[in-house]
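The block underneath contains the structure these notes are about, expressed in structure tokens.
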Number of protein chains: 2
Amino acid sequence: MISVVILGAGNVATHLYKAFQASKDVTVKQWYNRSLKTIETYKNKVETTDDLSKLVEADVYILAVNDDAIAELSSLLPFENKFVVHTSGSVSPYDIDKKNRRGVFYPLQTFSKAAPIDFSEVPLCLETLRRTDYALLKKLGASISDHAKRVNSDQRASLHLAAVFVNNFTNQIYRVAQEITESQGAEFDMLKPLILETAKKVHHMSPYRAQTGPAKRNDKKTIKKHLKALDNEHHEAIYKLLTDSIKKTHGR
Amino acid sequence: MISVVILGAGNVATHLYKAFQASKDVTVKQWYNRSLKTIETYKNKVETTDDLSKLVEADVYILAVNDDAIAELSSLLPFENKFVVHTSGSVSPYDIDKKNRRGVFYPLQTFSKAAPIDFSEVPLCLETLRRTDYALLKKLGASISDHAKRVNSDQRASLHLAAVFVNNFTNQIYRVAQEITESQGAEFDMLKPLILETAKKVHHMSPYRAQTGPAKRNDKKTIKKHLKALDNEHHEAIYKLLTDSIKKTHGR
Ligand SMILES: NC(=O)c1ccc[n+]([C@@H]2O[C@H](COP(=O)([O-])OP(=O)(O)OC[C@H]3O[C@@H](n4cnc5c(N)ncnc54)[C@H](OP(=O)(O)O)[C@@H]3O)[C@@H](O)[C@H]2O)c1
Ligand SMILES: NC(=O)c1ccc[n+]([C@@H]2O[C@H](COP(=O)([O-])OP(=O)(O)OC[C@H]3O[C@@H](n4cnc5c(N)ncnc54)[C@H](OP(=O)(O)O)[C@@H]3O)[C@@H](O)[C@H]2O)c1
């Protein structure tokens with residue numbers, strides 16, 4: 001049985017708490033947040049505290065707080081030589097105060113408190129500064145996810161950056177598509193099956209092989225027609241840049 | 001029972017054939033292609049032909065051929081006053097020779113012959129030049145899809161253009177993400193659950209509300225870090241443009 005203390009009570013902390021609760025290999029011994037109010041509803045299920053001096057013994061302390069708060073909160077921990085990890089995609093494990101053993105437990109998914117998530121499907125990027133701590137972190141990861149993997153800091157940074165592309169930028173593409181359809185009174189809803197199919201396609205085929213459309217075919221007539229139809233210069237700039245990008249990728 | 005003749009034997013024609021075959025309300029009376037070879041495997045299941053002069057009577061003739069071939073093929077049809085539709089997102093129904101009654105039967109999805117598709121989930125954009133033809137086309141659409149809708153040419157053009165964004169451009173974003181991760185020896189596979197979650201999220205939430213990340217927060221520190229990490233100027237251009245786009249959308 002691995003014992004854990006969670007620090008922070010945001011999106012990630014809440015989903016981690018639930019996933020650990022559902023695992024028979026982990027016990028959440030305590031849940032800390034600087035304001036108790038946020039975790040009030042859980043106080044009958046787990047020991048809660050807003051007092052760092054009252055933190056109890058555990059195998060792993062998980063700092064699921066804002067990136068900016070990791071260094072400071074870690075320096076305020078009233079113990080040494082314990083195993084402390086953060087959950088950030090972009091922060092170095094060296095940001096954690098060096099009085100403790102340090103690591104990273106980064107879940108590569110987008111979380112919001114309201115949306116349920118199947119944690120077994122969430123890839124976990126694991127990193128420890130001491131080799132001997134890895135087995136424990138791996139066991140903790142495997143207790144809630146089928147995709148817990150060792151990933152070094154450069155790899156994690158590249159995954160975090162790539163996540164901005166596939167999550168934030170893709171979502172913005174959806175937004176532009178909505179603006180385009182609604183400007184003609186057409187329904188964005190009609191695009192949803194295509195959105196899902198596009199995402200599913202790269203699960204069994206590389207994005208390179210999955211590509212189709214006017215840019216890949218270098219179909220100048222259609223591209224010209226599309227550019228003429230786009231009356232928003234901002235949408236036009238995105239169209240041009242991504243069309244060029246596809247052409248470059250496919251040697252046009 | 002609606003009788004149909006399919007002309008063309010590419011991705012769309014093949015999926016339409018299968019969907020109609022599975023429907024009890026439609027019979028495919030004949031399948032035409034300029035080269036018989038492509039539809040040879042079906043010749044025991046349906047009458048096939050490569051001779052336009054042998055086309056049989058049907059309620060609807062579906063031209064599922066290249067956009068560029070629609071006008072010419074329609075002018076070669078050896079009959080008049082019959083109901084002829086094409087399956088293109090961008091071609092006008094007026095491109096079909098006016099000797100026949102004209103319409104559009106555009107399935108808003110990406111098709112490739114190998115990938116199976118549940119046609120009941122495919123949105124169908126329907127258009128007829130004569131009001132009196134609409135009921136038949138609607139019935140034909142409803143026989144294979146739960147999402148058959150009347151859509152005018154401007155709306156269809158906007159959906160087709162928006163489809164380039166959510167399909168081709170999104171897929172290129174995935175490709176860039178793959179280049180970014182693989183340049184550090186990280187696995188693109190780890191992004192797949194996030195890719196799927198991002199696509200699913202806009203099924204129950206607008207892309208506007210679904211947005212998160214450094215651009216939306218105007219988190220200058222992270223944006224700067226990301227731009228520094230991108231050593232490919234092409235990736236950098238996409239990062240900048242889409243970050244600006246998100247900022248604009250969210251009033252930053
Ligand atoms: N959200 C995601 O999709 C996601 C995915 C992967 C990784 N992450 C990473 O996970 C970590 C947490 O993200 P999140 O989305 O869960 O954040 P969040 O929902 O904004 O929650 C942040 C938590 O940190 C606490 N906090 C902030 N500043 C603090 C400080 N100075 N001292 C103590 N506690 C402080 C907050 O306390 P209060 O409740 O009192 O405000 C809150 O409980 C971040 O490193 C993030 O990069 C997030
Ligand atoms: N693929 C999609 O995802 C998709 C989605 C929605 C709508 N559409 C539209 O559906 C239509 C067909 O697309 P597709 O993807 O099925 O195309 P495709 O797979 O390339 O097949 C095109 C078919 O058209 C035939 N053809 C080409 N030129 C011809 C000509 N001059 N005379 C007679 N037949 C000719 C070809 O005959 P051969 O077999 O002899 O070459 C082939 O059977 C297009 O209007 C397209 O815009 C496509």
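Reminder, nothing fancy here: chain letters follow the sequence lines and each chain counts from 1. Computed from a prediction, not measured in an experiment: that's the story for all the values here.
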Looking at chain A, which one of [options] has the largest number of heavy-atom pairs inside 4.5 Å, strictly under?
options	value
T243(B), N152(B), L108(B), L161(B)	L161(B)
T170(B), I246(B), L230(B), D67(B)	I246(B)
C125(B), G185(B), S245(B), A186(B)	S245(B)
L194(B), I195(B), L241(B)	L194(B)
V164(B), L159(B), D244(B)	L159(B)
A177(B), S158(B), A215(B), S206(B)	S158(B)

Does any backbone or side-chain atom of [X] lie under 4.5 Å from a heavy atom of chain B? Answer side chain, backbone, both or neither.
X	result
L124(A)	backbone
V166(A)	both
A163(A)	both
V202(A)	both
S183(A)	neither
K216(A)	neither

Residue among [options] with most heavy-atom pairs under 4.5 Å to chain B:
options	answer
N168(A), V176(A), T212(A)	N168(A)
H235(A), Q184(A), K248(A), Q211(A)	Q211(A)
Q172(A), Q155(A), H234(A)	Q172(A)
A157(A), A210(A), P193(A)	P193(A)
T110(A), V151(A), I238(A)	I238(A)
D154(A), T222(A), L196(A), N167(A)	N167(A)

Is a side-chain donor-acceptor pair under 3.5 Å present for N171(A) with T198(B)? no

R156(A) and S153(A): side chain donor to acceptor below 3.5 Å: yes

Taking all non-hydrogen atoms of both residues, which atom of [X] and which atom of [Y] are closest, and how far apart?
X	Y	value
Y106(A)	T87(A)	CD1-O, 3.5 Å
A148(B)	K138(B)	O-NZ, 2.9 Å
I144(B)	S23(B)	CG2-CB, 4.3 Å
A71(B)	S74(B)	O-OG, 2.8 Å

Can you confirm whether [X] sits close enough to [Y] that some side-chain heavy atom of one is under 4.5 Å from a side-chain heavy atom of the other?
X	Y	result
K240(A)	E236(A)	yes
L140(B)	I62(B)	yes
F165(A)	L242(B)	no

More than 12 heavy atoms from other groups under 6.0 Å of NZ on K247(A): yes

Neighbours of chain A found in residues 6-19 of chain B - heavy atoms under 4.5 Å: none

Taken to the nearest 0.5 Å, the spacing of Q178(A) CD from I180(A) CD1 works out to 11.0 Å

Hey, does the side chain of Y134(A) reach the backbone of L126(A) with a donor-acceptor pair shorter than 3.5 angstrom? no

Quick one: do V85(B) and V104(B) satisfy side chain to side chain contact (heavy atoms under 4.5 Å, CB included)? Show the steps, please. CA-CA 5 Å; V85(B) 299; V104(B) 179; 5.8 Å; no

Between K201(B) and E197(B), is the closest basic N to carboxylate O distance under 4.0 Å? no

Looking at K221(A) and D68(B), is any side-chain nitrogen of the basic one under 4.0 Å from a carboxylate oxygen of the acidic one? yes

Listed by residue number, which members of residues 113-122 of chain A have a heavy atom under 4.5 Å from any heavy atom of chain B? I117(A), E121(A)

Would you list the pairs meeting salt bridge (charged side-chain N to carboxylate O under 4.0 Å, His left out) in which at least one residue belongs to residues 173-191 of chain B, sequence neighbours left out? K149(A)-E187(B), R175(B)-E179(B), D189(B)-K192(B)

Can you list every pair that meets ring pair (Phe, Tyr, Trp, His ring centres under 6.0 Å) and has a residue in residues 181-228 of chain A, with sequence neighbours left out? Y208(A)-H250(A), H226(A)-Y239(A), H226(A)-H160(B)

Please lay out, stage by stage, how H86(B) and F105(B) fare under the test side chain to side chain contact (heavy atoms under 4.5 Å, CB included). CA-CA 6 Å; H86(B) 69 62; F105(B) 193 80; over 6 Å; no

